[in-house]
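Numbers for residues simply follow the sequence, beginning at 1.
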Amino acid sequence: MASGRFGVTSAYLNSAAEIQIKMAQGAKPGEGGNLPGRKVYPWVAAIRYSTPGVSLISPPPHHDIYSIEDLAQLIYDLKNANRNARISVKLVSEAGVGTIASGVAKAGAQVILISGYDGGTGAAPYSSVHHAGLPWELGVSEAHQSLIENGLRGRVCIETDGKLMSGRDVVIACLLGAEEFGFATAPLVCMGCMMMRVCSKDTCPVGIATQNEKLRARFSGKPEYVVNFMHFIAEEVREIMASLGFRTVNEMVGRTDCLKKRDYSSGKVKAGAAAMVDLSEIINPEYAGVPENERHFVKEKVYDFHLEKTLDESKLLPAFESALKGPAEKAKGEIYLKVSSTDRAFGTILGSEITKQFGEKLPEDSFVVHAEGGGGQSFGAFIPKGLTLRLSGDANDGFGKGLSGGKLVVVPPKGSRFRASENIIIGNVALYGATSGKAYVCGRAGERFCVRNSGAVAVAEGCGDHGLEYMTGGRAVILGPTGKNFAAGMSGGIAYVLDEDHSLYRRMNKDMDSLEEVTEKYDIADLREILRDYVKETDSELGRKILDHFEEYLPSFKKIVPRDYQKMLIAISKYEEQGIPHDSAVLEAFREVTA
């Protein structure tokens, strides 16, 4: 689960044995990814919920994580989305990573991955490959020692990666404190990778990092090559373990007393600056004497999220128990209850069970939950098709995170005296990474509304700064003012904005998107249909007024559409008009646009 949230749906999460939150990459710490349009083939776009031929931009940070508490919330969200999966957090080797690792352990993660700078992606910028990041040895040692000092080492498993190339590397990582080991570069080399570092250009000469059929024909790798390599790694690890007197890997974890600095005094090896490096903090033998159950992860100390106390497990699942166990045709239910801001990730566990039982078979509004009160963080996160959450009140940050086909409706409480269109009713980062479904907000949204929306239909009566940032698909209708930097990095989807004072042009980011009048028949019909559904679901005063005087309001609506996205849609339409089936038309359009 990276910052782009590409294709992170309820079904995706429920298919996992382990879910990893990728905070950064060792090869390019602090940077987001950029997949060029020529690599976004139709089948890549389908799995990423984006548009073929249109570049994909990942944000440098996760926009719902700006503190360790925010990270704890996402860990909690994912545990609700899949109660059986291990939650892992990927960090990069850096000064102070031990403090972060301690926070991650307290937040409930079961695995902490410390990634080094030396392996990683050939798609990273050269400036990062050569000048950014630190060795995994430094990060593993600091994380291990910091966790011991804080009494947290027994809660988590430490993993490391970053160009582990031999059994010796594995043993050193283990002696420094790691228990699991990731390999990527070496297995790729086993399959024929020549380290050309052109992964991002779709020109891989050995057919690995490419979708080009001619280049893929050159691929000569076999699974057996990787299996053989890993057998050799294991054999070397066993030989070194035997020489050190260890019978199991667990016995080795954190035994820094078995490490020593290379001796340069003989003069056989030219030392240079290496002789002056002080490694005493890294191979500090004080941490080797810690009891074994405090040196590495023990299952008895697994973090307890107390999910049995959630409204999902205590109220929703019992109420819908028979419907969840029956056939899809009879899967229906409705419930009324009160919620408060302490009910985080409300509806997510129920959504997970619906996904497991029915996939995407259920029609809209099969299960309806009427909630009243203040929705906690991540209200309705990852809910799937067939589940509808209606909230009379307001909601905190992370509303509708990863929406996966469900429906979310928020309206002010009955009897409220304020005007909905002038007040914020949901918090920041709503609908981050939504892939499908509907979200109707009768009021204004906070900052970063619909970040990375890739398929949902969303309506709000205004939003804060950075609205629709990095959006790649879906529809957004904003019936009020927007903050600055609107539509920054937006590469797909369409937005209709009510711009009565005609100031949107000054507030939007124009690097990738164009601003147009809503004049095309299909745009007018699309906007009107969304508004009708919105008013039907929310009974919005503003929405009804716009519909009743639609022709008067229409000149004030602006359409924002990414230029590359529009070019691709026009190309697809051209081929479909020639009678070519949709899938074939998409492929032909992709070849034309990326030629």
Side-chain angles (χ1 to χ4, degrees), residues 4 6-7 34-58 202 211 405 431 433-438 450-459 467-478 486-497 499 504-505 508-531 533 554 557-595:
F6 292 110
N34 186 352
L35 189 66
R38 62 181 174 275
K39 288 202 73 174
V40 187
Y41 284 75
W43 44 93
V44 174
I47 207 72
R48 288 191 164 211
Y49 289 76
S50 62
T51 306
V54 178
S55 297
L56 294 175
I57 304 168
S58 295
D202 203 31
Q211 297 291 326
L431 302 171
T435 55
S436 58
K438 298 176 181 177
C450 274
V451 173
R452 273 291 301 116
N453 174 31
S454 58
V457 175
V459 183
L468 314 193
E469 199 173 22
Y470 301 104
M471 182 165 150
T472 65
R475 297 287 187 274
V477 178
I478 311 295
F486 189 74
M490 179 179 170
S491 61
I494 293 174
Y496 302 106
V497 182
D499 183 29
L504 179 61
Y505 187 78
M508 70 172 281
N509 189 306
K510 297 173 280 292
D511 288 347
M512 301 169 64
D513 310 309
S514 61
L515 188 69
E516 306 172 357
E517 301 290 333
V518 183
T519 55
E520 298 288 345
K521 287 184 179 180
Y522 60 84
D523 284 325
I524 295 171
D526 189 25
L527 175 59
R528 194 196 295 265
E529 183 59 33
I530 292 172
L531 285 173
D533 200 31
L554 190 59
F557 273 99
K558 300 294 190 305
K559 174 187 176 182
I560 295 178
V561 59
R563 287 182 282 273
D564 289 345
Y565 175 78
Q566 191 169 34
K567 188 189 301 182
M568 188 67 189
L569 292 184
I570 292 170
I572 293 171
S573 178
K574 180 183 73 174
Y575 284 106
E576 286 183 329
E577 287 172 2
Q578 298 172 15
I580 298 174
H582 177 73
D583 289 346
S584 300
V586 170
L587 185 57
E588 290 301 321
F590 168 77
R591 287 170 176 161
E592 176 187 315
V593 169
T594 59

Exercise. Kindly indicate, with the supporting measurements, whether the criterion side-chain hydrogen bond (donor to acceptor under 3.5 Å, both in side chains) is fulfilled by Tyr505 and Asp499.
Key: CA-CA 9 Å; Tyr505 187 78; Asp499 183 29; over 6 Å; no

Measure the shortest side-chain to side-chain distance between [X] and [Y] over non-hydrogen atoms and say whether it is less than 4.5 angstrom.
X      : Y      : result
Val40  : Arg48  : no
Ile478 : Phe486 : yes
Asp564 : Ser491 : no

Of all heavy-atom pairs between [X] and [Y], which one has the smallest distance, and what is that distance?
X      : Y      : result
Pro42  : Pro52  : CA-CG, 3.8 Å
Ser55  : Gly37  : OG-N, 3.0 Å
Leu468 : Ala476 : CD2-CB, 3.8 Å
Asp513 : Asn509 : OD2-O, 3.8 Å
Ile524 : Leu554 : CD1-CD2, 3.8 Å
Ala495 : Met490 : N-CE, 4.2 Å

Quiz item: Can you list the steps and then say if Lys558 with Glu516 is a side chain to side chain contact (heavy atoms under 4.5 Å, CB included)?
Solution: CA-CA 6 Å; Lys558 300 294 190 305; Glu516 306 172 357; over 6 Å; no

Measuring from atom [atom1] of [X] to atom [atom2] of [Y], what distance do you get when rounded to the nearest 0.5 angstrom?
X      : Y      : atom1 : atom2 : value
Ile580 : Ile572 : CD1   : CD1   : 11.5 Å
Thr519 : Lys559 : OG1   : NZ    : 8.0 Å
Glu576 : Leu569 : CD    : CG    : 10.0 Å
Glu469 : Met471 : CD    : CE    : 13.0 Å
Met508 : Ile560 : CE    : CD1   : 4.5 Å
Arg475 : Ile530 : CZ    : CD1   : 6.5 Å

Self-check item: Charged tip of Arg452 within 45° of Phe6 ring normal and under 6.0 Å
Solution: yes

Exercise. Please answer whether the main-chain N or O of Asn453 pairs with a side-chain N or O of Thr435 as donor and acceptor at a distance below 3.5 Å.
Key: no

Quiz item: Any donor and acceptor pair, going by atom type alone, linking the side chain of Thr472 with main-chain N or O of Gly492 inside 3.5 Å?
Solution: no

Exercise. Please step through salt bridge (Lys or Arg N to Asp or Glu O under 4.0 Å) for the pair Asp202 and Arg38, ending with a clear verdict.
Key: CA-CA 7 Å; Asp202 203 31; Arg38 62 181 174 275; over 6 Å; no

Donor-acceptor pairs under 3.5 angstrom involving side-chain atoms of residues 587-595: please list them, not counting sequence neighbours.
unit_1	atom_1	unit_2	atom_2	d
Glu588	OE2	Arg591	NH1	3.4
Glu592	OE1	Lys574	NZ	2.8
Glu592	OE1	Tyr575	OH	2.8
Glu592	OE2	Lys574	NZ	3.4
Thr594	OG1	Phe590	O	2.6

